[in-house]
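First the structure, in the form of structure tokens, and then the observations on it.
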Amino acid sequence: MLEVSLHGNPVIVRHFILSVCDALHIRPANPGEFTRRAFQNEKLDLLAAEGVRSIIDARSVFELHASRKLYDGELTRMISRFRSALIHLKAETEAEVDFSTEDLTFESREETIERVHDLRRRIADILERSRSAARLSDGMQVALSGIPNAGKSSLLNQILGWERSIVSEIEGTTRDFVSEEIELGGIPVRFVDTAGLRESEDLVEKEGVRRSQQQMEKSLLIFHVCDLNREPYPEPVFPGRPVWHILNKADLATEARMKAWKSELSMKAADRIYPISCKSGEGLNTLRNALADYLKDETESVDPFYLEERHRYHFQQMDGALVRLLELWKNDAPAEICALELDSALHHCGELTGNISTEEILGRIFSVFCVGK
Ligand SMILES: Nc1nc2c(ncn2[C@@H]2O[C@H](COP(=O)(O)OP(=O)(O)OP(=O)(O)O)[C@@H](O)[C@H]2O)c(=O)[nH]1
Ligand SMILES: [Mg+2]
């Protein structure tokens with residue numbers, strides 16, 4: 001191994017690499033080539049190799065933990081249990097074929113059917129956990145909503161710690177939505193600042209309001225930013241999501257005003273109230289901590305598992321084969337035909353761990369790695 005230190009200039013680095021390759025008749029590594037070699041030399045199974053990639057791509061501690069399960073072999077172990085169960089079923093089915101004329105007692109059909117149902121439940125569980133993981137990593141979105149000038153953009157900037165959104169005393173400053181992602185307590189969360197909700201004749205603003213509504217639909221939680229500088233006004237209608245009423249401009253509000261607002265708001269079970277001031281900063285830490293706790297509860301209520309589209313496909317195919325198997329048994333189909341469905345399930349098991357993989361599939365998996373991995 002040879003280590004070379006160069007000036008940081010990428011032109012020099014590129015030129016150096018080309019010259020060295022030329023002179024020594026060597027070439028740069030392809031994307032994922034090292035991981036691929038580890039796989040081909042049986043140091044890693046295919047799932048662990050894919051785990052390397054999701055670890056590299058993880059955007060937060062939460063995603064990192066979910067990806068590690070692939071790398072640490074949790075899925076491999078699970079699949080190997082599936083495999084044993086399927087092989088056991090297959091052996092029995094074959095025994096039925098071989099000894100069908102003899103008077104042997106096999107495990108009762110009810111027990112076997114129950115075992116297939118159990119496999120199907122386990123597949124459904126994995127798929128459900130992967131859906132939760134996807135929902136959590138894509139769907140951790142909080143929409144900041146409310147009437148114009150309430151301070152939505154000011155709040156976004158406060159949360160991010162920099163001036164992302166334009167703030168002004170002109171109503172309707174934010175027209176298109178503005179979104180930014182941060183990590184709160186290890187969980188990635190996207191904040192979307194939206195156009196102030198009001199009836200408008202302006203075509204551009206109308207479109208902004210429509211998009212704001214769309215963003216709210218996609219959010220886990222809505223922050224309804226209220227303007228304490230004004231008398232309580234009727235709150236907008238929000239889609240069915242928990243709403244946190246953020247009483248902004250607390251620096252300008254009297255006790256009486258605050259009270260009037262609190263009694264005016266319609267509170268559903270999951271709704272909460274937080275008085276804050278984007279100007280003085282009061283209440284912002286409380287709000288931030290409350291949100292971090294809320295996201296933590298949301299993520300801990302599930303045991304997320306990351307699956308690639310490829311994994312999901314093979315699990316679904318396995319399940320499909322088991323459904324057909326149950327149907328065949330119900331119709332007393334010959335054991336040889338039932339065995340075919342078990343073969344198909346076993347095939348998909350093998351595709352998952354990479355025991356059976358074509359060059360084309362491997363090429364696709366490793367090509368999305370970055371160079372040097
Ligand atoms: N005193 C005081 N003023 C605030 C506070 N938060 C925001 N403002 C002011 O309120 C005005 C409107 O703030 P924005 O953040 O632009 O309001 P917005 O809800 O994004 O408004 P639109 O984009 O028009 O819908 C600005 O002049 C801010 O400086 C606060 O906590 N206290
Ligand atoms: Mg704004």
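Counting from 1, the numbers follow the sequence of the chain as shown. Since the model is a prediction, treat every value here as computed from it, not as a measurement. Every number for a ligand or one of its atoms is a count from 1 in the order of the listing.
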State whether the side chain of Glu235 and the backbone N or O of Ser266 hold a donor-acceptor pair below 3.5 Å, judged by distance alone.
-> yes
Counting from 1, what ligand 1 atoms have a heavy atom of Glu169 closer than 4.0 Å?
-> 27 (O)
What protein heavy atom sits nearest atom 32 (N) of ligand 1, and how far away is it?
-> Asp251 OD1, 2.8 Å
Could you tell me whether some N/O pair between Gly151 and ligand 1 is separated by less than 3.5 angstrom?
-> yes
Quick one: are the ring centres of His245 and Tyr274 less than 6.0 Å apart?
-> no
Within a distance under 4.0 Å of any heavy atom of Ser168, pick out the atoms of ligand 1 and give their elements.
-> 11 (C), 12 (C), 13 (O), 16 (O), 26 (C), 27 (O)
Is a donor on one side and an acceptor on the other found under 3.5 Å between the side chain of Arg68 and the backbone of Ile55?
-> no
May I ask whether Leu144 and Trp162 are part of the same hydrophobic cluster, defined by side-chain heavy atoms of I, L, V, M, F, W, Y residues being less than 4.5 angstrom apart, directly or through others?
-> yes
Distance-only N or O hit between ligand 1 and Thr174, under 3.5 Å = yes
Give a yes/no answer: is there an N/O/S atom of Ser165 under 2.8 Å from the Mg ion (ligand 2)?
-> no
What do you reckon, does Cys278 have a nitrogen or oxygen under 3.5 Å from a nitrogen or oxygen of ligand 1?
-> yes
Under 3.5 Å between some N or O of ligand 1 and some N or O of Ala150?
-> yes
Heteroatom N/O/S of Thr174 within less than 2.8 Å of the Mg ion (ligand 2) = yes
Go through ligand 1 atom by atom and flag the ones less than 4.0 Å from a non-hydrogen atom of Ser277.
-> 31 (O)
Counting heavy atoms only, name the option from Gly172, Ser165, Gly208 that's nearest to atom 24 (O) of ligand 1.
-> Gly172
Same hydrophobic cluster for Leu197 and Leu247, using side-chain heavy-atom links shorter than 4.5 Å among ILVMFWY?
-> no
Which bit of Val167 is near ligand 1, meaning a heavy atom under 4.0 Å away: side chain, backbone, both or neither?
-> both
Hey, is ligand 1 close enough to Glu171 that some N/O pair sits below 3.5 Å?
-> no
Looking only at distances, please establish whether an N/O atom of ligand 1 is found under 3.5 Å from an N/O atom of Thr194.
-> no
Please check if the side chain of Asp271 supplies one atom and the backbone of Trp244 the other of a donor-acceptor pair under 3.5 Å.
-> no
Taking atom 25 (O) of ligand 1 as the point of reference, which of Gln158, Glu205, Lys152 owns the nearest heavy atom?
-> Lys152
Please write down residue, atom name and distance for the protein heavy atom closest to atom 10 (O) of ligand 1.
-> Lys249 NZ, 3.2 Å
Gly196 neighbourhood, listing ligand 1 atoms whose heavy-atom distance to it stays under 4.0 Å = 25 (O)
Heteroatom proximity flag, Ile166 to ligand 1, N/O under 3.5 Å = no
Which heavy atom in Val225 sits nearest to a heavy atom in Gly151, and how many Å separate them?
-> CG1-C, 4.0 Å
Numbered atoms of ligand 1 (with element) below 4.0 Å of Ile170, judged on heavy atoms | 24 (O)
